[in-house]
Amino acid sequence: MAIWIEYRCENMNEPSAEGSHIRRCESLDNSGPMGMTAKDTREAVAVTLRILDEDAVNYGWKRTPAGWVCAFCAEQLGLK
Ligand SMILES: [Zn+2]
């Protein structure tokens with residue numbers, strides 16, 4: 001069994017996530033860090049999470065006390 005992991009923006013249900021017809025919260029478009037482990041072991045999941053954390057940083061996502069926020073919402077919220 002494989003395990004699929006996708007990061008979802010913690011701000012995606014807030015009004016500021018809607019943005020415009022040009023750009024909006026990445027999770028509203030099912031975009032963002034995601035990946036699959038080939039094995040269903042805790043170790044394989046931990047490795048995948050480390051990779052997704054790196055992807056999130058590279059994509060401009062911000063880690064907050066509430067969880068990950070996408071690059072678009074981070075801009076709307078003034079997160080640095
Ligand atoms: Zn977002």
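Just so it is clear, the values below take in all heavy atoms, side chains as well, and ignore hydrogens, waters and symmetry mates. Read the numbers this way: they start at 1 and go in the same order the structure lists the ligands and their atoms.
Here the side chains of W61 and V69 are not in contact, with every heavy-atom distance at 4.5 Å or above.
Residues forming a side-chain contact (heavy atoms from CB on, under 4.5 Å) with I51 (at least two apart in sequence, or on another chain): V47, D55. With sequence neighbours left out, the side-chain hydrogen bond (donor to acceptor under 3.5 Å, both in side chains) criterion links R8 to E6, N30.
A distance of 4.5 Å separates CD1 of I3 from OG1 of T37, quoted to the nearest 0.5 Å.
M34 CE: more than 12 foreign heavy atoms inside a 6.0 Å radius.
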If you look only at distance, which donor and acceptor atoms sit under 3.5 Å apart when one is on a side chain in residues 71-80 and the other is two or more places apart or in another chain?
residue, atom, partner, partner atom, Å
E75, OE1, R23, NH1, 3.2
E75, OE2, R23, NH2, 3.3
Q76, NE2, F72, O, 3.2

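Around the Zn ion (ligand 1), the protein atoms of type N, O or S that sit closer than 2.8 Å are C9 SG, C25 SG, C70 SG, C73 SG.
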